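Index from 1, following the sequence. Computed from a prediction, not measured in an experiment: that's the story for all the values here.
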Amino acid sequence: MNFVVSKMYARKRYSKIGQSILAIGVACTFGFSTPAWAEMILDLEQAIALVLKQNRSVRQSSDRLGLDANSIVAVQSDFKTQISPDAIIGVQNGKDASSYGFKVVRRFYNGTELVTRIANEKFGSDDGRSNRVSVEWRQPLLANAGRLVNEEPLVRAQQSSLSNRRSYELTRVSVVLQVISLYYEMIRLQQQTRADKKTIDRLTALFKASKAKESLGWTTRVDTLRVELQLSEARSRQNSNQDLLRSAARQFSEILAMPLNTTFKLKPPPTFELEITDEKLAIKTALKNRLDFAQVLQDFEDANRGVKIAKKRLKPALQLVTRYTRADDFVFFDNSLGSNNRWSLQLTSNTDFHRRREKAEFRNASIEEDAASQAIEIARQSIIREVRDRLTSYRLNRRNLTLAESSYDRAESRLKLARRLFDIGRETQFTVSDAEEAFLQTENQLLLNQARVSVSGYQALEAMGLLIETPKELRPDVYPRI
């Protein structure tokens, strides 16, 4: 059965899961122990849907995304119209002075800032109050002019949001891969414990038959002890596998955010078939979908933008300030001799002649850009190697599974034949016990390879960035190739 995990959780099949969760939740809420009958029946699709819905790490990472949205809003507020009170109470030249009014400030993305003040003033106890209106226009020139410099805090907040969203998606990928590995491990251990029980039943029957033949003198004590030893080892192996199964179930419960004593009945999925096995296509797919590669490309874009900003700041930092003030009345732009209009035009600068700090920052930005460029190639080669390794592992496990299936069939036939010959007295229990031991090895290897094929297939999907579907704006495609 071929399917991609990203489509598994699209179907909302929570009815059976919901009933079990409700029962367990009620028990936990009222302090009761989880009932023995609270067994969750799950298939792989339901397990993936459940882990994406309620895994604690996923939910924590999701909650933190709200911090980025608030950070962006905070930075954007600097470019919104701001209205604030503008009041002063004090003493000037030995006289009381007071002023009250409000101030309106608007900053634009190119750096322009417009400040308007409206105030009612009084100077001295005998003087009447007067009205004053002032408008100030500030325009940065050269170093601090333009959207590139002034939008940088907003761009950084947006880039940080993208990085955190990728971290969230990678957390989801990680927990899905964990739940898949645990699911197949539990399936293997469940099958192994059932096989152990059958082995114990066969060896118990063989031991009884061997004891009977020993009492009749048809076999030796050594042969009986060999069967008894195998029976003891089988029981020990069963206990060990049961402990491993309980441990895996606790890990499975933890990753699903369920009580640790929850019991699961898992439906064995079909062996996973990887659709993309061509190496070149797999590498191309990975470089188009891997979010960690997209993050490296974003880091280079940030570093490149940093170089442009640092280079721009090598220029002198000038600011043009135009101010107009009108007092007493509100007749604007009156140029008569008695007018209270006041105009001013200033060009200010606080530029250091040596520009030592700016030059050092430019050199640092250039170094960071070079390092970010090298990181792209490092990440690309790492992804290529990882994809090749995962495909190699998948193909190897596929071949091993075919060999294990063939070996299992031969060992099973040999065991059946040895049992028949032993029953009719043509073979000793040594032959049967030897065939039993060979069958156990091939059976264990078959179960192990069945799990390895599927898990390695999903690991290959993860290496190609296809394990779960991710938003397009977070993928490498949105960045130009370096």
Side-chain angles (χ1 to χ4, degrees), residues 71-88 90 92-93 97 99 101-119 121 123 131-160 300-327 332-335 339-372:
S71 298
I72 292 174
V73 170
V75 176
Q76 286 177 333
S77 66
D78 292 338
F79 299 96
K80 304 293 184 181
T81 300
Q82 300 178 8
I83 303 175
S84 60
D86 192 19
I88 299 174
Q92 184 176 353
N93 297 330
S99 173
F102 62 91
K103 178 174 64 174
V104 180
V105 180
R106 177 62 188 272
R107 184 184 173 198
F108 299 91
Y109 288 107
N110 63 351
T112 301
E113 189 173 11
L114 187 62
V115 181
T116 302
R117 288 185 172 89
I118 300 177
E121 302 174 339
F123 179 73
N131 298 314
R132 180 180 296 273
V133 177
S134 67
V135 179
E136 186 175 288
W137 177 65
R138 303 170 186 170
Q139 177 61 55
L141 304 174
L142 299 179
N144 295 320
R147 300 175 69 96
L148 177 65
V149 175
N150 292 280
E151 282 187 342
E152 179 61 12
L154 177 59
V155 173
R156 284 193 176 276
Q158 292 170 339
Q159 296 291 77
S160 176
F300 176 80
E301 184 182 73
D302 292 342
N304 180 259
R305 192 178 63 258
V307 169
K308 293 177 181 178
I309 293 174
K311 184 177 181 180
K312 187 175 179 62
R313 284 179 172 164
L314 291 174
K315 300 177 181 179
L318 302 178
Q319 187 176 48
L320 180 64
V321 181
T322 303
R323 185 180 295 109
Y324 170 77
T325 303
R326 176 67 189 181
F332 295 103
F333 309 112
D334 184 359
N335 294 321
S339 172
N340 288 320
N341 284 313
R342 296 293 183 269
W343 291 88
S344 66
L345 181 63
Q346 300 174 341
L347 184 63
T348 64
S349 175
N350 59 352
T351 302
D352 173 38
F353 285 110
H354 297 288
R355 315 294 287 161
R356 294 185 182 92
R357 175 184 293 275
E358 290 76 9
K359 291 176 181 178
E361 290 176 349
F362 176 72
R363 289 193 296 269
N364 286 341
S366 299
I367 293 172
E368 290 180 0
E369 183 185 33
D370 291 340

Would you please name every residue forming a salt bridge (charged side-chain N to carboxylate O under 4.0 Å, His left out) with [X], sequence neighbours left out?
| X | result |
| --- | --- |
| Asp86 | Arg117 |
| Arg147 | Glu151 |
| Glu113 | Arg138 |

(message) Tell me if the CG atom of Leu314 is crowded by more than 12 foreign heavy atoms within 6.0 Å.
(response) yes
For [Y], is there any backbone N or O sitting under 3.5 Å from a side-chain donor or acceptor partner on [X]?
| X | Y | value |
| --- | --- | --- |
| Arg355 | Lys315 | yes |
| Thr351 | Ala317 | yes |
| Asn304 | Phe300 | no |
| Gln319 | Asn350 | no |

(message) For Pro140 versus Asn110, what's the shortest heavy-atom pair and its separation?
(response)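 It is CG-O, 4.4 Å.
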(request) Could you tell me which non-hydrogen atom of Ala145 sits nearest to which non-hydrogen atom of Asn150, and how far apart they are? (result) C-ND2, 4.1 Å
Is there a side-chain contact between [X] and [Y] in this structure, where contact means two heavy atoms from C-beta onward sitting under 4.5 Å apart?
| X | Y | value |
| --- | --- | --- |
| Gln346 | Arg323 | yes |
| Ile118 | Asn131 | no |
| Asn144 | Lys312 | no |
| Val307 | Phe362 | yes |

(message) Suppose we screen for ring pair (Phe, Tyr, Trp, His ring centres under 6.0 Å). Which residues come up paired with Phe108, at least two apart in sequence or across chains?
(response)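 So Phe108 forms no ring pair (Phe, Tyr, Trp, His ring centres under 6.0 Å) with any residue.
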(request) Go through the structure and list residues passing ring pair (Phe, Tyr, Trp, His ring centres under 6.0 Å) with Phe102, not counting sequence neighbours. (result)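 Residues passing ring pair (Phe, Tyr, Trp, His ring centres under 6.0 Å) with Phe102: none at all.
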(message) In terms of relative ring orientation, are Phe79 and Tyr109 parallel, tilted or perpendicular, with 30° and 60° separating the classes?
(response) parallel
Roughly how far, to the nearest 0.5 Å, is [atom2] of [Y] from [atom1] of [X]?
| X | Y | atom1 | atom2 | answer |
| --- | --- | --- | --- | --- |
| Lys311 | Arg313 | NZ | CZ | 15.5 Å |
| Leu347 | Leu318 | CG | CG | 5.5 Å |
| Asp352 | Glu358 | CG | CD | 6.5 Å |
| Ser77 | Arg107 | OG | CZ | 10.5 Å |
| Lys359 | Glu361 | NZ | CD | 13.0 Å |
| Ser344 | Glu136 | OG | CD | 7.5 Å |

(message) Using the side-chain hydrogen bond (donor to acceptor under 3.5 Å, both in side chains) criterion, which residues pair with Glu152? Sequence neighbours excluded.
(response) Arg156, Arg305
